Structures are given as structure tokens and as C-alpha cells.
Amino acid sequence: MRHRLPVLFACMALASLAGAELDRASIFRRPLERVASLDPLRSSSVCESRAVSLVYEPLLEVDYFARPYRLKPCLCEMPVVSADAKVYTYRLREGARFRDDPCFPDGKGRPVVAADVVYSLNRLGDKANASSGLWTMSAVEKVEAPDDRTVRITLKKPLHVFPWLTALSYAAVVPHEAVEKYGVRFGGVAVGSGPYYLEEWWRNHRMRFRRNPSWRGWGEIKTKPFEEIEYLVVDDVSTQWLMFLSREVDFLGEVSHDNWDAVVGPDGRLVGDLEQRGVRLFGNPTMMVMYVGVNMNDPVLGPNKKLRQALNCAFDSQAWKRFLNNRVEPSDGPVPPGVDGRLETPFAYSFDLARAKKLLAEAGYPNGIDPRTGRRLEIPITIGRANQSAREEIELMQSFFNRIGIRLEPRYMTWTAYLKAVDEGNVTLFMLGWIGDYPDAENFLQLFHSKNVSPGGNHGNYRNPAFDRLYDQAMAETDPAKRNACWRKAQEIVREDCPWIFLHFPKAYSLSWDHVGNYIPSDFPYGTEKHYFHK
């Protein structure tokens with residue numbers, strides 16, 4: 001613990017300085033990973049999207065309180081869609097203003113107008129800007145502003161999930177004056193129309209946001225919000241836990257694997273007197289899937305469907321769940337629960353050791369013996385981290401496949417080298433995860449379309465013309481029921497082909513003190529702090 005104390009005391013000192021300016025009850029603090037940029041074009045991580053969404057506004061937003069998830073107006077009203085589903089007309093809501101900044105004449109902010117939306121979306125879609133969110137504009141043919149309050153977006157072809165793309169932080173609206181004035185420094189400032197503004201940014205240590213009292217949306221929020229939001233960069237999870245216990249932070253977004261036993265008991269409840277002291281534990285499913293991908297270009301695994309099916313049948317999902325502290329649910333395909341268009345039928349190749357051995361023999365490897373060598377079949381798996389947790393996971397997975405006579409050979413790389421190897425197809429098996437950007441099966445099934453082979457999201461280079469036809473048919477379908485029927489048939493094909501070893505759907509566990517009101521776990525936690533209040 002000795003090496004953690006300076007970090008802890010430094011963060012406590014920072015907290016004390018901030019508290020001198022405002023009453024502690026007016027400040028919401030939480031640890032968060034490093035934010036590299038506040039430019040919406042660069043908001044590729046969850047933490048960056050969180051920060052961007054405090055100060056900037058996209059066209060729409062996810063309704064914080066609605067389950068299942070749905071969209072609601074943000075900077076614009078809900079769009080009117082043309083009969084051919086190719087033209088989306090958005091109307092700006094009244095009262096949106098960019099805050100005061102030296103980039104404007106006399107330093108005074110100005111109203112947000114339709115031309116700002118056109119500018120921001122065209123900036124996002126400009127390949128020269130190399131945004132990781134460029135894909136969100138791939139279906140857009142043109143963006144126009146017929147008048148100051150109307151934005152008309154014409155698509156090249158129908159895209160039923162397009163409104164969800166306009167709710168991402170990538171689509172947040174920025175003023176051209178700020179981009180022009182600050183240039184490459186634009187990502188270090190924040191000239192937005194959102195509920196908070198950036199008060200202070202001590203890079204790699206702290207971000208402090210102050211409530212924007214002139215934001216038009218406060219009238220819709222019935223509770224008194226926090227005056228300040230502070231994000232503290234604290235890498236060590238044990239230090240985060242100590243800060244939480246001492247109430248130096250109000251919230252922990254994740255209960256780490258290392259601290260799990262100190263926080264949660266075997267019954268899934270908080271240990272000791274934590275609950276009596278006011279700690280609240282939240283657990284919820286996530287819109288995320290973890291998997292072991294199979295490189296379908298591999299000469300052994302690619303053409304041998306029964307071998308891939310055998311690997312799935314050998315994967316002991318319940319033992320895996322126990323190892324991960326019951327913080328996951330076994331996956332039965334690529335689409336998580338709660339996502340529109342998900343296939344709900346049982347997975348035919350879930351854990352079944354006898355069937356795994358039978359499929360392995362039918363695949364040409366009885367008892368795991370490779371007939372070409374007379375030895376056990378060896379399959380390499382590439383991992384992008386070499387920490388203790390990763391090694392323990394692989395050791396457990398090795399024990400699963402040992403039961404059917406297959407030797408799993410781990411190859412550890414740095415994360416950067418790993419991603420390069422996956423993109424270039426220089427792997428056989430590889431472990432990855434995918435977080436959905438919106439609750440539609442398309443967002444997960446795109447990982448199997450042949451047009452998206454690596455370095456696209458289809459890192460396993462899976463190709464099946466029947467799947468592609470169903471996917472394309474679904475994307476052209478305007479009837480949601482018929483579209484979802486296509487998604488389910490497409491999932492049947494993927495589950496039969498087993499281009500992945502389906503691992504699990506993670507659950508999210510977070511901690512909050514009971515004085516934080518209105519906290520609701522969400523797969524879309526972007527800008528949600530505006531709803532929090534001190535009880």
C-alpha cells in the first residue's frame with residue numbers, strides 16, 4: 001500500500017481545493033480514465049464521450065429514464081422522415097446557445113443555428129479530419145440548411161438506425177469560430193451549448209466542469225443538479241476504492257476484479273456494513289459481447305465447421321462465469337439481451353462435453369489427435385495483454401480444451417502489436433469484445449458481413465453469401481417486424497457456422513453513496529450527470 005498513498009493524498013488535496021470554492025454537496029466526483037480530447041471528432045472512448053457530452057450537444061439523445069432505450073430530442077426535435085426513408089428533416093429547438101468565448105465577437109456567445117449542424121456533420125464526414133467516427137456519415141449524401149432552424153439530411157440509401165447515429169457524441173455540434181481560432185488546440189477547449197462548461201483541465205489528473213446556468217434544458221429537469229462535476233484520473237483501482245470509502249469520490253463506475261471480494265459477498269450483496277453506511281451497489285446487463293474470434297482464413301479452422309462447433313461445445317460457460325465472480329452471463333450468440341432483433345432460441349452448441357468429443361471426431365480429430373502428425377491438435381490463441389488476469393483466463397480456457405484433447409497455445413503481445421496482428425489477419429484465435437453503439441441487432445451483425453472483413457469489424461474474415469443476403473435484405477427493409485425476422489435468420493446462420501467461440505455478455509457493477517440521487521445504470525452514460533442531484 002505504501003506506493004499508493006502519495007496518489008491518494010494528492011487527489012484528496014485536489015478535492016479539498018475544489019471544495020473551498022463550493023459546498024461539498026454541490027460537487028459530484030468520480031474517477032475516470034484519461035481524456036485525450038474534447039473535440040467531438042475524437043470522442044472514440046467512453047470516457048471521452050462522457051466529457052464531450054457534458055459540454056456539447058448532438059442532435060438527439062438517449063432518453064435517460066426509458067427502458068427499453070429510445071431516443072428523445074436534444075439540440076433538435078425528433079426528425080421527420082420522408083416516405084422513401086432517405087431524407088431526415090430536423091428542426092432546431094428554441095434557446096440553444098454557444099457559451100461566451102473569445103472566439104466570438106466581443107467574447108459573447110451566440111445562438112446555435114442550422115448552419116452549425118451542417119458545418120459539424122460535414123466536418124465529421126471529411127476524410128481529411130480522420131475521425132474515428134467517420135463511419136457514422138458513410139450513408140450521408142448531403143446535409144443542408146434550408147433556413148436557420150431546419151436541417152435536411154439526405155441519405156444515399158435507407159438506414160433505419162440513422163437517428164441513433166445523430167445521438168452519438170461524434171455528432172455533437174460545434175461553432176466554426178472556435179475550430180478556426182484554436183486550430184490544433186481545439187480539443188483542449190470546450191465552446192459548446194451543453195449543460196456544463198469546462199472550468200479547469202489539469203491533464204492526466206483532473207477535469208472540472210461547472211454548471212451552465214443559461215442552458216435551456218434545466219427547466220425540463222425537475223431536481224437541483226450538481227453545480228460541479230469532477231473527473232479524477234486515478235489509475236490504481238485499490239486507491240479508487242480507498243477514495244470511495246473515505247467519500248473523496250461519490251461514485252465508482254466499476255467494481256474491479258481485484259476488489260470484488262472486498263465489496264461483494266457470495267450472495268451478491270455488499271459485504272459487512274457497507275449498505276448500512278450508505279453504499280449502494282448497482283448491477284445491470286450491458287450491451288456488450290465478449291468472444292474468441294476464429295480467423296476463417298486459417299487452413300485448419302476455417303474450412304472445418306464441426307471443429308469450430310466442437311470448440312464451442314467444450315467451452316464450460318458456467319465455470320467461466322464462476323471464475324469471473326458471476327459478473328457475466330453466458331452468451332448464446334453475438335447479440336446481447338435487450339437488443340432489438342435478437343434471436344432468443346437456445347444455442348445448439350452450448351457446453352456439452354460428450355457432444356464436443358463427438359463433433360471433434362466427426363471433424364477428423366478423434367480424441368483431439370491430429371491424423372497428420374499423430375499428436376494432439378495445437379491451436380494458437382493471441383492475447384493483447386499479459387497481466388495476471390489475462391493469464392488466468394487463458395489457463396482456464398486451456399483446461400476446457402484439454403478435456404477434449406486439444407492444446408491451446410497462448411501468444412501474448414502488447415496491445416498495439418496485437419491490434420496490428422488482428423487487422424492483418426496474422427492470428428488464428430483472438431479474444432475481443434464489442435460494445436454496441438445503439439440497441440439494434442445490426443450493430444452486432446455487421447461484424448459478420450463480408451464487406452467488413454479485417455481491418456474492418458469482421459476481424460475473423462467470415463464470409464457467407466446467405467448471411468450477406470439476409471443482412472442486406474434487413475438493411476433495405478422498412479417494416480421493423482420483417483427486418484427483425486431477417487436479423488434472427490442471420491443469427492441462426494452465424495450460430496450454426498460458429499465463427500466465434502461465444503464467451504459471455506458482461507454485467508456492469510457500480511457503486512454510489514446514497515446521497516447521489518437519480519443515478520440509473522445505462523449503456524449510454526453520456527452527459528447523464530445532468531440528471532444527478534445531492535439528496
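The first residue in the sequence is number 1, and the count goes up from there. If you're wondering where the values come from, they're calculated on a predicted model, not measured in any experiment. The basis for the numbers below is simple: all heavy atoms, side chains too, and nothing from hydrogens, waters or symmetry mates.
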Test your reading of the model: is there a side-chain donor-acceptor pair from [X] to the backbone of [Y], 3.5 Å cut-off?
X      : Y      : result
Ser53  : Ser49  : yes
Asn259 : Val255 : no
Arg97  : Gly109 : yes
Asp116 : Val113 : yes
Arg208 : Leu198 : no
Asp148 : Ala114 : no
Tyr64  : Asn518 : yes
Ser82  : Val87  : yes

Gap separating the [atom1] atom of [X] from the [atom2] atom of [Y], nearest 0.5 angstrom:
X      : Y      : atom1 : atom2 : result
Ser331 : Trp320 : OG    : CH2   : 11.0 Å
Leu232 : Met243 : CG    : CE    : 5.0 Å
Leu274 : Leu281 : CG    : CG    : 9.5 Å
Trp487 : Leu343 : CH2   : CG    : 13.5 Å

Assess whether side-chain hydrogen bond (donor to acceptor under 3.5 Å, both in side chains) is satisfied between Thr150 and Arg91, documenting all intermediate values. CA-CA 5 Å; Thr150 306; Arg91 288 282 296 173; 2.6 Å; yes

Go through the structure and list residues passing ring-ring contact (aromatic ring centres under 6.0 Å, His included) with Phe533, not counting sequence neighbours.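 In terms of ring-ring contact (aromatic ring centres under 6.0 Å, His included), with neighbours along the sequence ignored, Phe533 is linked to no residue.
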
Ring centers of Trp513, Phe244 separated by less than 6.0 Å: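 Yes - the distance between ring centres of Trp513 and Phe244 falls below the 6.0 Å cut-off.
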
Suppose we call two aromatic rings close when their centres sit under 6.0 Å apart. Are His534 and Phe28 close by that rule?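 Ring centroids of His534 and Phe28 are no less than 6.0 Å from each other.
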
Identify whether the distance between the nearest side-chain nitrogen and carboxylate oxygen of [X] and [Y] falls below 4.0 Å.
X      : Y      : answer
Glu329 : Lys321 : yes
Glu230 : Arg206 : yes
Arg30  : Glu529 : no
Arg29  : Asp250 : no
Glu57  : Arg216 : yes
Lys530 : Glu61  : yes
Arg34  : Asp235 : yes
Arg110 : Glu177 : yes
Arg210 : Glu227 : no

Is it true that the NZ or CZ of [X] lies under 6.0 Å from the centre of [Y]'s six-membered ring and within 45 degrees of the ring axis?
X      : Y      : value
Arg203 : Trp201 : yes
Arg211 : Trp218 : yes
Arg99  : Tyr197 : yes
Arg385 : Trp415 : no

Begin from the C-alpha positions of Leu165 and Tyr438 and carry the test side chain to side chain contact (heavy atoms under 4.5 Å, CB included) through to its verdict. CA-CA 8 Å; Leu165 305 185; Tyr438 39 85; 3.5 Å; yes

Residue pair [X] / [Y], side-chain donor-acceptor N/O under 3.5 Å:
X      : Y      : value
Ser132 : Tyr170 : yes
Tyr56  : Ser43  : no
Asn129 : Ser131 : no
Tyr69  : Asp63  : no

Which heavy atom in [X] sits nearest to a heavy atom in [Y], and how many Å separate them?
X      : Y      : answer
Leu168 : Pro58  : O-CB, 3.6 Å
Pro225 : Tyr196 : CB-OH, 4.0 Å
Met137 : Leu121 : CE-O, 3.3 Å

Only one of Phe226, Trp215, Tyr231 passes ring-ring contact (aromatic ring centres under 6.0 Å, His included) with Phe209; say which it is.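 Only one of Phe226, Trp215, Tyr231 forms a ring-ring contact (aromatic ring centres under 6.0 Å, His included) with Phe209, namely Tyr231.
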
Give a yes or no on whether [X] atom [atom1] has more than 12 heavy-atom contacts from other residues, nucleotides or ligands under 6.0 Å away.
X      : atom1 : value
Leu245 : CG    : yes
Glu77  : CD    : yes
Arg67  : CZ    : yes

Trace of the side-chain hydrogen bond (donor to acceptor under 3.5 Å, both in side chains) decision for Ser45 with Glu48: CA-CA 5 Å; Ser45 70; Glu48 285 161 348; 3.1 Å; yes

Heavy atoms, side chains only, cut-off 4.5 Å: are Glu344 and Arg342 in contact?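 Yes, side chains in contact.
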
Side-chain contact, heavy-atom cut-off 4.5 Å: Tyr88 with Val151?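 SC-SC contact between Tyr88 and Val151 ruled out.
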
Residue pair Leu75, Ser193: steps toward the side chain to side chain contact (heavy atoms under 4.5 Å, CB included) verdict: CA-CA 9 Å; Leu75 198 57; Ser193 61; 4.0 Å; yes

Set out, in order, the CA-CA distance, both residues' side-chain angles and the distance that settles side-chain hydrogen bond (donor to acceptor under 3.5 Å, both in side chains) for Asp101 and Tyr182, then state yes or no. CA-CA 11 Å; Asp101 189 87; Tyr182 297 110; 2.8 Å; yes

